[in-house]
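Remarks on the structure that follows.
Each chain gets a letter, A, B and so on, in the order its sequence line appears, and its residues count up from 1.
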Amino acid sequence: MLDLKQIRENPQAVRERLNLRGGDADIEPILALDRKQRDLETQRSQLQARSNEIGKLVGQKMKSGAKPQDAEILALKEEGNQVKAQLAQLEPRERELKAELDALLLMMPNLPSESTPVGKNEEENVEVRRWGDEYLPENPNILPHWEIGEKLGILSFDRAVKIAQSRFVALIGAGAALERSLINFMLDRQIQAGYIEVMPPVLINSNSLQGTGQLPKFAEESFKCYADDLWLAPTAEVPVTNLYAGETLSAEDLPIYHCAYTPCFRREAGSYGKDTRGLIRLHQFNKVELVKLVRPETSEAEHEALVQNAEAILQALKLPYRVLELCTGDLGFGANKCYDLEVWLPSSGKYREISSCSNFGDFQARRANIRFKEAGKKGTQFVHTLNGSGLAIGRTMAAILENYQQLDGTIAIPEVLQPYLGRETL
RNA sequence: GGAGAGGUGGCCGAGCGGUUUAAGGCGCAGCACUGGAAAUGCUGUUUAGGGGUGACUCUAACGAGGGUUCGAAUCCCUCCCUCUCCGCCA
């Protein structure tokens, strides 16, 4: 959520930053509601002050011997009732305005950071670096991962469709073992890098989704359990960040680094024609996620470090990849800055996103109300939150099945995974 | 799912309709005392929003939301959470 005070005080600057995302940000309704709401708040609190005064007076007079039927008491009660009637008019109006204001603010995306390259759409994302050209596969006849996977009998899309629907997969035998190895490998590495592992609930409430920015705007992206106020988590970002929702941490608690393996569930609404085959775009996939809660002044450096932690996994697996910095037009709703890691998928001759590492600044912290307090200092500050995949497991599996395909149709297992899987080829 | 007990400040804990401006204690900070410390004493010690250049000031917050009342931590209703017992269950 944007800072209302900032919008109020620098409307032009906010408008300009928002417009860098493309479109024409309209903050006028917010400014107008804010003015009205504050106006009502002033009136209301004055009435309340008088009401409190009356209550106190009655109490004092009764204590010092006045009777309930004394004219003085009756007059005060009468005035109390009048004030109350006025409040009864004002209060609902103010509440309504506040709710409208909140609804508008919740729909506003974050401001892109100063350092984010300006651009209209994904075409204008900036390649920051490329790694692992020396590991690009030389095999010219690489099968797509879904074909080699089915051939090896380790992936079954057809059978998964029977028990769920399209865009699901069942991992069989070595496929399941490879998935598990990747999860363990990634968690071990990230724990080594200083992240504390979490296994959060993956059925999560609406408030959590609002806290990280998936609600209210992106309700159609997540699976909902209609009998309860619970949703299937689209990413561990949501439960892990919201572990601290509503808390005021002490400054010494920061930074907090978490890694979490969870399954992730996405409806993929609006992507009907895209990536219909393989492991790239499923309704259910596994992911190891990295989440950081940090002091504001450190968040940029923490962001770079988080990207390094995600890259380290690709490097250890010797998978060629590139790093893109998203331009203002392609930036996710809550992010002020974002790097995507894209792994090489030889069957399609393309780099494909395998990790997205975002800095949210205080955007999520405001929504989820996560603050910290410095001992001896007045007031509190919002933390900055960051997260990134470290990495998406299914897409990593796809990358291995393709980049490690050998001429004889077998798959070599990356060296670092061999101890986990207990074999050298598939 | 059934029955019962609870939820008060950084922590413990009192309060069950009106000087609550939340007692008392612990903790923490400052000051005094001291050669220095301990002990002791005094003072202070929440957050959010509004108004004001500022000193400051108003409002709100006792799990959450409603209600009764001139006045609610206290009474009533709904919900959430925790604990105990029973049932069910991996």
Any side-chain N or O of A:Thr42 less than 4.0 Å from the OP1 or OP2 oxygen of B:U59? no
Tell me if the aromatic rings of A:Tyr244 and A:His258 count as close, with their centers under 6.0 Å from one another. yes
May I ask you to evaluate whether A:Arg38 reaches the phosphate of B:G51, defined as a side-chain N or O under 4.0 Å from OP1 or OP2? yes
Residues A:Glu221 and A:Glu268: closest non-hydrogen pair is OE1-N, 3.8 Å
For B:C62, the Watson-Crick or wobble counterpart (both distances under 3.5 Å): none
Ignoring backbone atoms, test whether A:Asn52 places a side-chain nitrogen or oxygen under 4.0 Å from the OP1 or OP2 oxygen of B:A60. yes
Identity of whatever pairs with B:C75 - Watson-Crick or G-U, under 3.5 angstrom: B:G67
Output yes when A:Glu300 and A:Lys337 qualify as a salt bridge under the 4.0 Å nitrogen-oxygen rule, no when they do not. no
Taking atom P in both B:G10 and B:C58, compute the distance separating them and give it to the nearest angstrom. 23 Å
Expressed in whole Å, how much space separates the P atoms belonging to B:C77 and B:U84? 26 Å
Identity of whatever pairs with B:G6 - Watson-Crick or G-U, under 3.5 angstrom: B:C81
Between B:G71 (P) and A:Leu57 (CG): distance, integer Å: 13 Å
Pairwise P distance for B:A5 and B:A72, with rounding to whole Å: 27 Å
Is A:Arg35 touching bases, backbone alone, or none of the nucleic acid, heavy atoms closer than 4.0 Å? nothing
According to the Watson-Crick and G-U wobble definitions, with both distances under 3.5 Å, which nucleotide is paired to B:C31? B:G41
What about A:Phe168 and A:His283, are their ring centers closer than 6.0 Å? yes
Among B:G18, B:C58, B:A48, which nucleotide sits nearest the side chain of A:Val58? B:G18
Base, sugar-phosphate alone, or nothing: which one does A:Thr248 contact when heavy atoms must sit under 4.0 Å apart? nothing
On the nucleotide B:G50, are OP1 or OP2 found under 4.0 Å from the side-chain N or O atoms that A:Arg8 carries? yes
Using a heavy-atom cut-off of under 4.0 Å over every strand shown, decide if A:Lys56 touches base, sugar-phosphate, or nothing. nothing
Are OP1 or OP2 of B:G71 and a side-chain N or O of A:Lys77 less than 4.0 angstrom apart? no
Can you tell me how far P in B:U78 sits from the matching atom in B:C83, rounded to whole Å? 23 Å
Using Watson-Crick geometry (N1-N3 plus N6-O4 or O6-N4) or G-U wobble (N1-O2, O6-N3), each under 3.5 Å, B:C11 is paired with B:G25
Spacing between A:Glu94 atom CD and B:G49 atom P, to the nearest angstrom: 14 Å
Looking across every strand, which nucleic acid part, if any, lies under 4.0 Å from A:Arg50 by heavy atom: base, sugar-phosphate, or nothing? nothing
Nucleotide forming a Watson-Crick or wobble pair with B:G1, both distances under 3.5 Å: B:C86
Report the residue (A:Gln48 or A:Gly379) whose heavy-atom-nearest nucleotide on RNA chain B is the more 5′ of the two. A:Gly379
Give a yes or no on whether a salt bridge exists between A:Glu150 and A:Arg277, defined as a side-chain N under 4.0 angstrom from a carboxylate O. no
Pairwise P distance for B:G24 and B:U46, with rounding to whole Å: 16 Å
Using the C1' atom as the point on both nucleotides, what is the distance between B:G17 and B:A73, in whole Å? 11 Å
Give the rounded distance in Å between these two atoms: CG of A:Asn207 and C1' of B:G65. 14 Å
With rounding to whole Å, what would you report as the distance between B:C62 and B:C81 at their C1' atoms? 16 Å
Before accepting this row, confirm whether a basic side-chain N of the pair A:Arg38/A:Asp34 lies closer than 4.0 Å to the acidic partner's carboxylate O. yes
For B:U8 and B:A61, measure between their C1' atoms and round to the nearest Å. 12 Å
Result for 5'-nearest mapping on RNA chain B, choosing between A:Lys98 and A:Gln60, is A:Gln60
Can you identify which nucleotide, out of B:C58, B:G71, B:A48, has its nearest atom closest to the A:Arg371 side chain? B:A48
From CZ of A:Arg95 across to C1' of B:U59 the rounded distance in Å is 15 Å
All heavy atoms of A:Met108 vs all of A:Asp26, minimum pair found to be CE-O, 3.7 Å
What's A:Lys61 touching, base or sugar-phosphate or nothing? Going by heavy atoms closer than 4.0 Å. nothing
